[in-house]
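The block underneath contains the structure these notes are about, expressed in structure tokens.
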Amino acid sequence: MVSISAILRWNTLTLAVDIVMRAIHVVILVALAALTACDSSGPAVPTPAQIVMSDLPETIEVGQTIERISATVRDRDGQPVRDVTVEWLPGQGSVSAPTGTTNESGIVRTDWTVGTEAGDQTIEARVDGIQAQGGVTVEPGPLSQLVLEPASITLRAVGDSAALSVNGADDYGNQVSFPTVSWLYTDPDVARVRAGVVVARARGTTVITAQAGTASGSTNVVVDPELTGIRIEPELSAVVLDETVQLVARGIDARGTPLTDTLTATWSSSSATVATVDQEGRVTGKEEGTTTISAHAENHTAELEVKVRPGTRPLIAEIIPAALAPGDTAIIIGSDFSGTAAENHVAVDGREARVVGATTTELRVVVPTTGVPCSPTTDRAVVVTVDELAAFAQHPISGARQRGLAVGESITLHGDEVACNELPEGGEYMLSVFNTSDVPTARSGFMLSGTAPDAQAALALPRLQEQVRVPAPSIEHDHAAELHHWLLGENARLLRELALRTGRSRPVQPDVQARETAAVNVGATKTFRIPDLDSNGDLCNNFKTVTARATFVGDKAVIWEDQNAPLAGEMDGRWVETGQEYESVMHPIILEYFGDPQAYDQWLENKGKVHMLFSEHVNTFERGVNGFVFSGDLFPVSQCPQSNQAPMFYGRVPTVAGSGYDGDTAAAWAWGMRATIIHEVKHIVSYAVKLRLWQDGLSASPNYEEIWLEEATARLAEELYARTISGYGQGDNVTYQQSIWCERRVGDNWPQCDPVPNMVYKHFGAVYRYYRHVETLSPLGPAVTRDWTFYGSGWLLVRWALDHTQKSEQAFSRALVDEPATSGVENLAARADRSFPDILGNFSLAMAMDEHPSGAQQGTELKFPSWDTRDIMRGLHEDHQGTGLADIYPVPWPLSAREQAFGNFDTAVDRIQGGTATFFQLTGPAGQRQLLELLSPAGGTAAPNLGLGIVRVK
Amino acid sequence: MMGKLRWRGAWLIAGAALGVTMMVAGSACAPNQTTEDGPVAADTARGIVEIAGAEPITHVRLRTPDRLVTITGPDADQLRLAQGVEVWVSGVREEAGQLRLEVYEVRAVDGMTATDGVLELDGDAAVLVTRTGERVRFSPAPPGLRQLEGRRVWVAAPPGAEPRSWGPLERDR
């Protein structure tokens, strides 16, 4: 301060300059005076009294970064404090800026990369002795490795076992849960994992690898049996004079299991005059009598009593077929057999085989089926014994059923047949494992176990296509187009009311007094009672009363418009079109394929017409239906006060005036409603026919169809309607372009399509979704909450059955409706003249094989002759790209298969629902065999409700 | 623990409901009564659960060997998850062909005997705690079943054995 004053005095300036400088001097002096005052007794400098950290996310994955964490520093008055240094102290991990200076708002920021250890982690912000702390739960990263313990296992006897644990970990070693693992083996003959336990099978070493997704881990297993005894093979009882027979000594382990290796033994005969034995184990008969042959090895001795006698030993020259399997009838050609079947004793792999025919040169035997382990084809002993003299041969024998298939050929198996099968040659196969339970919520898991003796030792890891990992749907959003058609809810409140209706005693007389006998003309008005779907009570006593005007009166239908509808009186032309379409197009379909909606009319108003009441009340019901039918309308008012005593349904109305499709216009309404009309009338037919059967005493009570089949056949009615509108027929293999493409295009821009309504678009929307989640959904009903895909998948199942029967579509579908006693799966199977497992097995293969690029399904049952489902799925995908529904159709082909190379594997599937399937695409090189076992998830006997379908693709 | 409480609670409610119903219904339920001072037996039936009708108005029924029994009551909705399952039901007969549900138990699925209870896990095993408190063990528990821990489920398998199939009797949580 002194120096500035001196400088000013030092300058000799002009007056003007002097004045200016003096002025500046004064300002500076004032400022300096003010500063001096502040330093001593002025207002206090803000000091940090509080530090607050911004909210952190509740969870984050290890190693991830939480960006822009902030700390706000305030003084004791709550005012921000600027320009103070805050220190960031992470408990784990690192921060982008360990220190920072607060800005004018008192805020400082940093990025925190959390540590790599899962669990709770904290970070602290500190300034001038005060601090704030924040915490986050750090979750493990994705599964990247499986750790098997112990890392190596040695087993000392065949059949011994050792526990094996599998732990999943992320990249940082944090424990991660994981789904069921698959197992792979370099040599599955040595050991396999069953129920989490390694079980020894034979001497040797193998590497066992667990795999879950892309993560894997291995353990080495050595099976080194401890020799506890020896035995002599074959167990001869007699040799012929002057004949020489080769014997071998073989070790047995602690469990009595013969070991595959032969031993070098010291051989001796108790009577060399009867028979001699050399040190190679060759026995020669010298004279009639009995001797004991001994073998000594590894401190163990085995003995075999042998009789020497005259005669001729039988001989096996050839065995047909080239490989034997359980249950096969084999022909053994040779010499010196007995012509009497009972005098020939045949053993196949040590098990007695039944001799069903015999000459001295040919035996016919049945390969035993019991006690045969599931094993791949290998050479095993065939022994024919005639009068104590045995003939020996080695022949390929399998413990599995041989499933030699030509390309395009298929087989479906269920019951005991699924357990053990062998594909005798390489190629490409599609397998379906299907659950024949008719309980849609039933679940069964399984393990598909493969053994391929010829497979290369290198592991062939199965590749699971991405779509299979789609989590099971629960309450995901439904197809947008379906929202208007289906209920979102479970109808709990309706249950009791409807049950009351179905349980009433049959009306013995029509309620004549309540009948209205006058003819209806256009313009007439009438009062109706609409069941109140939103009520909490009995629908017969909870209804909304409306007055409606007849807008169309035809021979078979009357259309009523609620007088309070938003567009009442403004769309008479639309009503007439709708009525005419019903009479000319829909009603004939209904009559031809399902039955008469007036089947119960004599007990009702008896006017021979279906009534369609359109009211805004239907729009406003919480359940969001397009239309519905109530069976109470088929009862007299004396039993159901709501009843309108007529076959009728209730539909929603448009609410927006004007042409075009902008909003809920009449045109948009028609797009969604037209197919719904035939859908609902089909329901009326079902109710009417079932009640008529009951009334006629043909059923003990109204045998209403199960919901899945009722809705599937209502969808069938819509499909038949679509044929008429779009011009295709049964067996036409209809493509996307021929069907849905136009259904999705309305308005002036698409004159070639307008006004094609929504007909099968919703069918395939549901099928697409079912395919994506095929393991966890079912055509037989809701498998999870709010699942409505069975409308589509159930329809496709019925469609497949229709297209693979000798009956006409009309006869088949009418018979479904006319059935008085059974329902659901039983009804469908009876109409199709085949068992449900047979239907489901072939249907599932058709799902995978329809229009398969290989063409292998041509001429078989493994396709949908009426629909090119592969093209339609692709069309749905492509046609929705760039729209708000693109994420519903993310791939061109939604049905995934687990890809698996021929080899040694155990692949587990946690669950498949009743009535559905899962798929494997199995590929192997030419000449290689593949054994397939279907087991429980733990390696036991598979659930009896599981079936196996196999088709050879290439 | 939750499962046990739920079971006990359900039975208390069911018992109370039955008692109240019987007191109110009186002689209307004549076939169900025993003696004046003895307990009043409920009607029972055994059959396959079916969901019939057309959306949105459907109903639960039981297909017995000789008849169809419509299941009513606020608890009838529980049976929707048991579609296709063979169950024993107990309740009050209301009208011809109707039974107001009070309790039910799964007896068989696809012809296989099944156990009905709340699922607990015990190491590798699944333990079903039945409504009578019996603990029925199945081992090993498949991964797909383990996911339903704490829920009422049915399991089809001989006790002690590995479950062949199973299903939930409570909705997704």
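When reading the values below, keep in mind they use all heavy atoms of this one structure, side chains included, and skip hydrogens, waters and symmetry mates.
Atom CZ in B:R80 sits 5.0 Å away from atom CD1 in B:I51 (nearest 0.5 Å).
With A:N703 contributing its side chain and A:P820 its backbone, the two residues share a donor-acceptor pair below 3.5 Å. Distance alone, capped at 3.5 Å, places no donor-acceptor pair between the B:E50 side chain and the B:V60 backbone.
Listed options A:A942, A:P440, A:G914, A:G781 were ranked by heavy-atom pairs under 4.5 angstrom with chain B; first place goes to A:P440. Top candidate by heavy-atom pairs under 4.5 Å with chain B, chosen from A:P531, A:S823, A:G824, is A:S823.
Under the 4.0 Å criterion applied to side-chain N and carboxylate O atoms, A:E775 and A:R911 are not assigned as salt-bridge partners.
Heavy-atom distances place both the backbone and the side chain of A:D438 under 4.5 Å from chain B. Residue contact with chain B, scored on non-hydrogen atoms closer than 4.5 Å, is absent for A:S778. Of the atoms belonging to B:R146, not a single heavy atom falls under 4.5 Å from chain A. Using a 4.5 Å cut-off between heavy atoms, B:Q83 contacts chain A through both its backbone and its side chain. Heavy atoms of A:A714 lying under 4.5 Å from chain B are absent altogether. Both the backbone and the side chain of A:E706 come within contact range of chain B, judged by heavy atoms closer than 4.5 Å. Using a 4.5 Å cut-off between heavy atoms, B:V85 contacts chain A through both its backbone and its side chain. For B:L148, the part sitting under 4.5 Å from any heavy atom of chain A is the side chain, from C-beta outward, and nothing else.
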Is there a salt bridge (charged side-chain N to carboxylate O under 4.0 Å, His left out) between A:K690 and A:E819 once you walk through the steps? CA-CA 8 Å; A:K690 299 296 186 188; A:E819 168 59 32; over 6 Å; no

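Aromatic ring centres of A:Y687 and A:Y704: separated by under 6.0 Å.
A:E705 and A:S686 share no donor-acceptor pair across their side chains, judged by distance under 3.5 Å alone.
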